[in-house]
There are 2 protein chains.
Amino acid sequence: MHVHAQVTGDERASGGRYDRPVTSPATGPNPRRIGRPRSNSRPLVGDPTDEILAAASRLIGLLGVGGTAMSRIASEAGLKQSSLYYYFHRKEEIVAALVARANVVPLELARRITDDGGPAAVQIYRFVRADVVALCALPFDINEIHRIAARDPAGFAEYWTERATLEGLIEAWVRHGISDGHLRDVDPVLTAMTILSNDEGVQNWFRLGTAREPQAVGAAVADLVVGGLVAAPSRLDRVRRAADRIDFQ
Amino acid sequence: MHVHAQVTGDERASGGRYDRPVTSPATGPNPRRIGRPRSNSRPLVGDPTDEILAAASRLIGLLGVGGTAMSRIASEAGLKQSSLYYYFHRKEEIVAALVARANVVPLELARRITDDGGPAAVQIYRFVRADVVALCALPFDINEIHRIAARDPAGFAEYWTERATLEGLIEAWVRHGISDGHLRDVDPVLTAMTILSNDEGVQNWFRLGTAREPQAVGAAVADLVVGGLVAAPSRLDRVRRAADRIDFQ
DNA sequence: CAGACTTTTCGATGGAACATCGAAACAGGC
DNA sequence: GCCTGTTTCGATGTTCCATCGAAAAGTCTG
């Protein structure tokens with residue numbers, strides 16, 4: 001029977017290999033692997049799935065999704081083109097796996113900041129500053145991935161769920177800030193959307209070549225966003241100092 | 001001699017037909033056109049270049065650049081696939097022509113606002129509000145086009161020049177606002193970049209389906225941006241009223 | 001330790017899309 | 001009528017995504 005028939009729903013979500021072994025992947029010095037040997041004789045370093053994702057990530061950052069051929073990814077991962085389809089059914093699944101990784105960082109960040117508590121303005125400041133830096137550090141442009149995810153809501157369902165969660169956390173900060181009078185009376189939904197858009201948009205232009213350091217860009221954007229939200233501008237300095245105390249010590 | 005050999009540098013920049021006739025295109029009731037007739041018998045309505053761009057714009061908005069096949073554009077414009085290449089050498093040239101059109105609106109807007117003069121905060125407020133609306137009204141996602149333009153700086157040289165001009169105009173507003181004390185002491189370059197990123201990022205999320213009206217989104221973003229820039233937050237109300245007086249009367 | 005089964009890889013192939021080439025089909029001027 | 005220039009087409013080449021069946025290894029069972 002052909003291996004494709006063994007695919008279950010779960011692997012689609014995980015974006016990984018068809019039948020992922022429960023045992024850890026080959027890591028020893030002489031990783032005896034089953035299956036037909038590769039035509040090239042290069043030593044096999046780790047989990048092929050990870051190697052594929054690493055190659056894809058690098059290439060997509062360089063050439064974009066459309067400009068990155070499956071054959072190129074395969075060759076950089078030490079495989080032939082058709083062998084890729086053993087690990088990922090379609091090109092989009094590779095993209096989905098990459099976006100799933102990228103999504104973890106901002107979401108973890110937001111959760112940690114929510115757990116830390118503190119004034120809403122400080123929370124938002126901390127988030128924006130770190131989010132911009134994190135997005136700038138990604139090897140590829142998150143906006144391009146967004147666009148692909150938007151055209152295939154079913155295939156990227158997990159992504160959109162996480163995205164909604166993230167937006168919800170930010171909304172909650174904004175709501176708290178408004179109710180305790182520290183923030184202006186803005187639309188929380190629109191504001192959360194704008195904050196995320198802003199981070200991603202800036203990341204885009206940073207990628208296109210700005211001399212600024214990501215840290216500086218992040219701080220500037222955080223200044224602008226929080227400055228636009230706080231009820232009294234004199235608070236901005238205190239907010240910045242509070243954020244620095246938490247994150248830079 | 002093949003028609004390709006007749007291409008000059010100019011047509012590349014204009015993104016149009018190989019040898020654009022100086023005479024106006026057929027507009028009469030019975031526009032007798034020279035050249036081989038089309039295989040379909042549909043009546044020919046206007047300039048084929050415009051029809052191609054209209055079809056491409058619609059399809060790209062629907063399916064994205066990668067998802068829009070040249071054969072599809074051709075068929076919607078009443079042509080066979082290979083006939084497109086008489087008007088545009090490559091798919092990217094169609095994209096370049098579209099982006100050239102899209103770029104006109106924000107640049108004109110910024111120039112008019114500069115000519116109008118007035119306080120920097122009002123200028124920025126007016127720009128952001130109108131820019132967001134204009135970007136939301138585009139049939140396609142400007143961010144996708146940006147990315148393609150970024151990967152081919154030579155082919156989109158005109159676009160990048162105009163972009164730099166736009167950024168320069170905004171920078172000048174910010175500089176003026178700082179020097180006369182109405183705006184906080186921010187980095188003008190970074191701020192101009194952030195403002196444009198913000199507009200484009202919000203446009204992106206609006207396109208993905210928000211219940212808000214573009215007008216409302218634009219006003220909210222303008223509030224946030226200008227609120228983050230003005231030295232005294234009490235000024236925000238006055239700025240908004242001043243902008244309303246100019247644009248909504 | 002032979003043979004069945006599983007895992008991983010490959011080569012061949014089909015189909016879709018971009019792009020090029022040469023020629024066909026018209027109009028207008030000589 | 002014939003030549004020239006304009007616009008369109010069909011055929012073709014190449015590249016890329018994706019599928020299929022089989023090959024080449026290891027592992028398990030009797």
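Just so we're on the same page: letters track the sequence lines, and every chain starts at 1. These values consider heavy atoms only, across backbone and side chains, with no hydrogens, waters or symmetry-generated copies.
- Distance CD/B:Glu92 to CD1/B:Ile145: 10.5 Å, rounded to 0.5 Å.
- Between the CG atom of B:Leu84 and the C1' atom of D:dG10 there is a distance of 15 Å, rounded to whole Å.
- C:dC18 atom C1' lies 15 Å from atom CD1 of B:Ile52, rounded to whole Å.
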Does B:Gln203 form a side chain to side chain contact (heavy atoms under 4.5 Å, CB included) with B:Val132? I'd like the steps, not just the answer. CA-CA 6 Å; B:Gln203 167 266 175; B:Val132 168; 6.0 Å; no
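- A close approach under 4.0 Å does occur between a side-chain nitrogen or oxygen of A:Tyr85 and OP1 or OP2 of D:dA18.
- For residues 61-81 of chain B, the salt bridge (Lys or Arg N to Asp or Glu O under 4.0 Å) pairs, not counting sequence neighbours, are B:Arg58-B:Glu76, B:Arg72-B:Glu76.
- Between A:Asp47 atom CG and C:dT7 atom P there is a gap of 15 Å when expressed in whole angstrom units.
- In this structure, B:Arg38 reaches the D:dT8 phosphate: one of its side-chain N or O atoms is under 4.0 Å from OP1 or OP2.
- Listed by residue number, A:Leu79, A:Lys80 are the residues of residues 69-81 of chain A with a heavy-atom contact under 4.0 Å to DNA chain C.
- Going from atom OG of B:Ser57 over to atom CD1 of B:Ile73 covers 10.0 Å, rounded to the nearest 0.5 Å.
- Atom P of nucleotide D:dC16 and atom CG of A:Leu63 are separated by 11 Å, given to the nearest angstrom.
- Residue B:Tyr87 places none of its side-chain N or O atoms closer than 4.0 Å to OP1 or OP2 of D:dT7.
- Across the interface with DNA chain D, nearest-nucleotide mapping of B:Gly35 and B:Ser83 shows B:Gly35 to be the residue nearer the 5′ end.
- Here the closest heavy-atom approach between residue A:Gly78 and residue A:Arg38 is recorded as O-CD, 3.5 Å.
- When distances are taken from the side chain of B:Ser82 to each of C:dT8, C:dC10, D:dC9, the shortest belongs to D:dC9.
- Of all nucleotides listed (C:dA27, D:dC17, D:dT8), C:dA27 comes nearest to the side chain of B:Ile34.
- Between B:Tyr86 and D:dT7 there is a side-chain polar atom (N or O) within less than 4.0 angstrom of OP1 or OP2.
- Under the 4.5 Å side-chain criterion, counting only non-hydrogen atoms from C-beta, A:Arg126 is not in contact with A:Leu109.
- Counting any heavy atom pair closer than 4.0 Å across all strands shown, B:Ser39 reaches sugar-phosphate atoms only and no base atom.
- Between B:Arg36 and B:Lys91, the residue anchored nearer the 5' end of DNA chain C, judged by the nucleotide with its closest heavy atom, is B:Lys91.
- Put simply, the side chain of A:Phe127 reaches to within 4.5 Å of the side chain of A:Leu166, judged on heavy atoms.
- Remark: C1' of C:dC18 and CZ of B:Phe88 are 16 Å apart, rounded to the nearest angstrom.
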